[in-house]
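Structure first, then comments.
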Protein chains: 2
Amino acid sequence: MTQERLLETALDQFGRLGFDGASTREIARASGTSMSSITYHFGGKEGLYLACAHHITEQIRLRQAGAIRLAREAPSLGREELLERLLAVIDDVALMMLHEDSAAWSCFIVREQQQPTQAFELLYSGVMEEMLEGVEAAIGRIRPELASREIRALALTLFGQVLVLRAARATVCRALGVARLGEEEGALLRSQIRTNSLAILTGGTQS
Amino acid sequence: MTQERLLETALDQFGRLGFDGASTREIARASGTSMSSITYHFGGKEGLYLACAHHITEQIRLRQAGAIRLAREAPSLGREELLERLLAVIDDVALMMLHEDSAAWSCFIVREQQQPTQAFELLYSGVMEEMLEGVEAAIGRIRPELASREIRALALTLFGQVLVLRAARATVCRALGVARLGEEEGALLRSQIRTNSLAILTGGTQS
DNA sequence: GTCTATACTACGATAGAC
DNA sequence: GTCTATCGTAGTATAGAC
């Protein structure tokens with residue numbers, strides 16, 4: 001119970017303040033326990049940080065099960081069906097990026113991208129890799145003329161469109177003239193991302 | 001001279017470690033001076049941080065003059081010409097994101113996006129706003145059927161594609177199987193971004 | 001398992017000599 | 001302008017009581 005409270009608090013603090021910015025004193029205090037509980041349950045600050053990375057990985061796996069399944073199911077799906085599935089996966093990621101629950105995770109991950117630590121390895125091999133494989137499998141069948149490196153580049157730039165919702169959140173809010181992204185702004189951006197993705201994925205083959 | 005060295009060092013340290021992670025002791029040491037020089041020249045740690053934001057703003061203005069000019073020149077340019085100019089602007093941003101020089105700036109900005117401080121205000125009104133206006137002016141003429149909010153959403157998602165080069169750098173490197181993004185990977189990603197952007201911008205009107 | 005108490009290090013700011 | 005010296009605070013880790 002103390003362990004769970006500590007993890008929850010740590011996720012919030014590490015997300016908002018980063019590894020250095022967060023303090024074990026404050027995490028323990030906000031969890032209603034003492035600093036030495038962190039040593040007991042997680043071995044120290046770093047162990048707590050890695051436990052957060054593991055927890056984030058599991059939460060994303062739950063929410064992005066569709067993308068992970070896609071890697072296995074892509075070979076047996078038709079082209080039209082795959083396109084729709086892929087657009088749904090991109091929208092799932094966009095929804096996750098928009099949702100308030102993911103704020104701490106997103107900050108955590110964006111920090112790790114700038115200066116990867118052991119936690120990034122947990123995140124990448126724990127969930128990102130499989131999600132990318134799913135997206136790439138779908139793209140490979142939708143656009144069979146593309147080379148493997150092009151498929152990869154396409155998958156990454158598609159993700160970029162949704163990444164902007166978190167990685168440039170402050171700019172998005174300022175550009176749209178709002179303090180926080182609400183339902184309306186979320187719908188506008190998701191719709192635009194869907195339109196863009198459709199144009200990108202069918203641009204070379206349909207007309 | 002001491003002032004310049006301090007600014008340069010601070011840019012690197014704040015970029016890599018964030019405001020909390022960086023220490024004035026280390027910045028002074030690496031600049032070959034003493035902590036109290038920071039107080040003398042910048043008033044303190046926060047003043048030094050804001051001076052970094054101002055410096056980044058000026059550097060980006062220099063490198064993205066094309067985007068800033070676009071806002072003024074868009075009305076007098078033809079549709080085909082505007083499309084090419086816009087693709088060039090996007091490529092300029094991509095080049096900046098790929099270039100090693102921008103690593104510290106990018107980290108600095110990405111951090112500010114997660115937890116905006118006064119420094120974000122400097123960055124946004126100092127350069128981001130004008131760049132967005134340029135891109136929106138071009139999109140507005142290329143796709144005259146779009147509403148103003150759609151134009152804005154389109155501008156933001158277009159930027160997302162290049163943002164991925166910095167904000168998800170670690171994932172991009174892992175996905176491409178390299179330790180650092182070299183010439184080859186940069187060319188691949190820039191080419192993909194250009195293809196995507198072209199499909200997005202002409203998707204609704206040409207076929 | 002969880003607490004208090006403490007050891008040790010590093011932080012930013014400031015005073016005052018030069 | 002730049003230095004040294006120092007103050008007060010806050011960081012993590014650890015020892016030992018319960």
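Everything quoted here is computed from the prediction, not taken from an experiment. Just so we're on the same page: letters track the sequence lines, and every chain starts at 1. Excluded from the calculations below are hydrogen atoms, water molecules and symmetry mates; all remaining heavy atoms, backbone and side chain alike, are included.
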Item to complete: Can you check whether any acceptor in the base of D:dT4 is under 3.5 Å from a donor in the side chain of B:S34, or vice versa?
Response: no
Item to complete: Could you state the atom-to-atom distance from CD1 of B:I38 to P of D:dC3 in whole Å?
Response: 11 Å
Worksheet item: Side chain of B:H41: nearest nucleotide among D:dG1, C:dA13, C:dC3?
Response: D:dG1
Discussion item. Distance alone, cut at 3.5 Å: any donor-acceptor contact between the side chains of A:Q59 and A:R63?
Written reply: yes
Fill in: Between D:dC3 (C1') and B:R29 (CZ): distance, integer Å
17 Å
Worksheet item: Picking from D:dT2, C:dT2, D:dC3, which would you name as closest to the side chain of A:T2?
Response: C:dT2
Worksheet entry | Donor-acceptor pair under 3.5 Å, A:S36 side chain vs D:dT14 base | no
Item to complete: For A:T39, answer base if it contacts any base atom (sugar-phosphate contacts may also be present), sugar-phosphate if it contacts only those atoms, and nothing otherwise; contact means non-hydrogen atoms under 4.0 Å.
Response: base
Item to complete: Evaluate the ring planes of B:F19 and B:F14, with Trp represented by its six-membered ring, and classify them as parallel (under 30°), tilted (30 to 60°) or perpendicular (over 60°).
Response: parallel
Worksheet item: Can B:E185 and B:R180 be counted as an ion pair, charged N to O under 4.0 angstrom?
Response: no
Worksheet item: Could you state the interatomic distance from OG1 (B:T24) to CE (B:M35), rounded to the nearest 0.5 Å?
Response: 5.5 Å
Discussion item. Can you tell me which nucleotide in D:dT2, C:dC3, C:dT6 comes closest to the side chain of A:T33?
Written reply: C:dC3
Worksheet item: How many Å lie between CD1 on B:I27 and P on C:dA10, as a whole number?
Response: 17 Å
Worksheet item: Contacts to DNA chain D from residues 10-26 of chain A, heavy-atom cutoff under 4.0 Å, which residues?
Response: A:A22, A:S23, A:T24, A:R25
Practice prompt. Answer yes or no: does atom CD of B:E46 have more than 12 heavy-atom neighbours from other residues, nucleotides or ligands under 6.0 Å?
Written response: no
Worksheet item: Are A:Y40 and C:dT2 close enough that a side-chain N or O sits under 4.0 Å from OP1 or OP2?
Response: no
Discussion item. Does atom CD (B:E8) have a neighbourhood of more than 12 heavy atoms from anything else shown, all under 6.0 Å?
Written reply: no
